> 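The structure's right below; bear with me while I get my questions together.
Only this structure's heavy atoms are used, side chains among them; waters, hydrogens and symmetry mates stay out. Quick caveat: nothing in here was measured; it's all calculated off a predicted structure.
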Amino acid sequence: MAGVRRISLSEALDLGPSWRHACHALLYAPDPGRLFGRIPLRYAVLMQMRFDGRLGFPGGFVDPQDGSLEAGLNRELLEELGEGAAAFSLDQGDYRSSHATATPPPRIVAHFYVKQLTLDQVLALEAGAPRAKDHGLEVLGLVRVPLYTLRDGVGGLPAFLENSFIGAAREQLMEALQGLGLLETGPMPPARH
């Protein structure tokens, strides 16, 4: 992505007060289910439809009064996902990457976290999210990422990746799926430019 660069966490934290920090999380769980009784789901990976019609991850801007990036992220998860998010918390061990963008203003650093949950925790998030404080406002709903490719070679993950994503969310999704080994074996969906 033009204007976005990956930086280390220590570099991000040294940028100074003119930068805003946002934290987002990919939440996932093993899922033994099958689509139509035959296509293995393998994992439930959550994203959300945002207020602007783009796909992104739960989370948002953190404030100095939050105390830490993780405290701010956990606050955001409660606001966007509801009471189900109280069953777990993200910490420094869940940190994955940071991306900085200086133009156009504001200057933002997006911190990305990944957390494995149980399937029961994911189901509780999905059931309770419509009652969350920000549901219908900042968040229009949760969606699961289809980790399979249908026989036509288009349906499933390739079609999902054609949606509009906010910021570095598409790249973060693909990096996490690859790094965690959650993708089907076979060719990677092509990167969009």
Side-chain angles (χ1 to χ4, degrees), residues 22-35 39-62 69-91 93-99 110-150 155-184 189:
C23 296
H24 295 87
L26 180 149
L27 305 171
Y28 75 103
D31 185 347
R34 291 184 172 271
L35 177 64
I39 300 169
L41 297 176
R42 302 178 329 106
Y43 293 91
V45 176
L46 296 181
M47 292 191 79
Q48 63 188 16
M49 178 62 68
R50 296 164 32 95
F51 67 94
D52 57 9
R54 295 178 182 149
L55 292 171
F57 294 101
F61 285 108
V62 298
L69 295 174
E70 294 78 20
L73 175 56
N74 288 312
R75 174 189 51 77
E76 281 287 330
L77 294 178
L78 281 170
E79 291 172 4
E80 294 184 0
L81 300 176
E83 294 177 15
F88 60 90
S89 65
L90 281 87
D91 58 34
D94 300 312
Y95 170 82
R96 192 135 186 115
S97 65
S98 296
H99 291 82
H111 303 282
F112 187 57
Y113 293 76
V114 173
K115 179 88 170 172
Q116 182 174 341
L117 305 176
T118 67
L119 186 56
D120 286 341
Q121 288 172 316
V122 166
L123 294 172
L125 288 174
E126 291 173 326
R131 295 184 301 278
K133 173 186 167 208
D134 288 343
H135 184 79
L137 301 169
E138 289 183 34
V139 180
L140 302 181
L142 289 176
V143 296
R144 286 193 189 190
V145 178
L147 298 181
Y148 47 81
T149 301
L150 298 180
L157 185 60
F160 183 83
L161 293 173
E162 291 301 316
N163 285 294
S164 180
F165 292 79
I166 188 70
R170 184 184 190 281
E171 291 77 14
Q172 291 167 328
L173 171 65
M174 294 309 297
E175 286 177 15
L177 293 178
Q178 285 179 304
L180 296 168
L182 303 185
L183 287 174
E184 286 182 315

> Side-chain atoms of residues 77-89: list all donor-acceptor pairs with protein atoms under 3.5 Å, sequence neighbours left out, distances to 0.1 Å.
from: Glu79; atom 1: OE2; to: Arg75; atom 2: NH1; distance (Å): 3.2
from: Glu80; atom 1: OE1; to: Gln48; atom 2: NE2; distance (Å): 3.0
from: Glu80; atom 1: OE1; to: Gly59; atom 2: N; distance (Å): 2.9

> I'd like to check the side-chain contact (heavy atoms from CB on, under 4.5 Å) partners of Arg54; sequence neighbours left out, ordered by chain and number.
Arg50, Asp52, Ser164, Ile166
> Whether the side chain of Asn163 engages the backbone of Leu55 through a donor-acceptor N/O pair (distance < 3.5 Å, no angle test) should be reported.
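Side chain of Asn163 to backbone of Leu55: no pair is present.
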> Grab the two heavy atoms, one from Phe160 and one from Leu173, that are nearest each other, plus how far apart they are.
CE2-CD2, 4.1 Å
> My understanding is that only residues two or more places apart in sequence, or in another chain, count here; which of them pass side-chain contact (heavy atoms from CB on, under 4.5 Å) with Pro130?
His135
> Sequence neighbours excluded, which residues qualify as side-chain hydrogen bond (donor to acceptor under 3.5 Å, both in side chains) partners of Arg144?
Asp31, Glu126
> Sequence neighbours left out, what passes side-chain hydrogen bond (donor to acceptor under 3.5 Å, both in side chains) with Glu175? Give chain and number order.
Arg6
> Within a strict 4.5 Å, meaning less than it, do heavy atoms of the Leu125 and Leu27 side chains meet?
yes
> Taking only residues two or more places apart in sequence, or in another chain, which ones meet Asp134 in a side-chain hydrogen bond (donor to acceptor under 3.5 Å, both in side chains)?
none
> What residues form a side-chain hydrogen bond (donor to acceptor under 3.5 Å, both in side chains) with His24, not counting sequence neighbours?
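By the side-chain hydrogen bond (donor to acceptor under 3.5 Å, both in side chains) rule, His24 matches no residue at all.
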> Output every pair passing ring-ring contact (aromatic ring centres under 6.0 Å, His included) with a member in residues 112-134, not counting sequence neighbours, ordered by first then second residue.
Phe57-Phe112, Tyr95-Tyr113
> State which residues pass side-chain contact (heavy atoms from CB on, under 4.5 Å) with Asp91; sequence neighbours excluded, sorted by chain then number.
Asp94
> Can you name the closest pair of heavy atoms from Arg42 and Leu183 and give their distance?
NH2-C, 3.0 Å
> Locate the shortest heavy-atom distance separating Ala169 from Gly56; write the atom from each residue and the value.
CB-CA, 4.2 Å
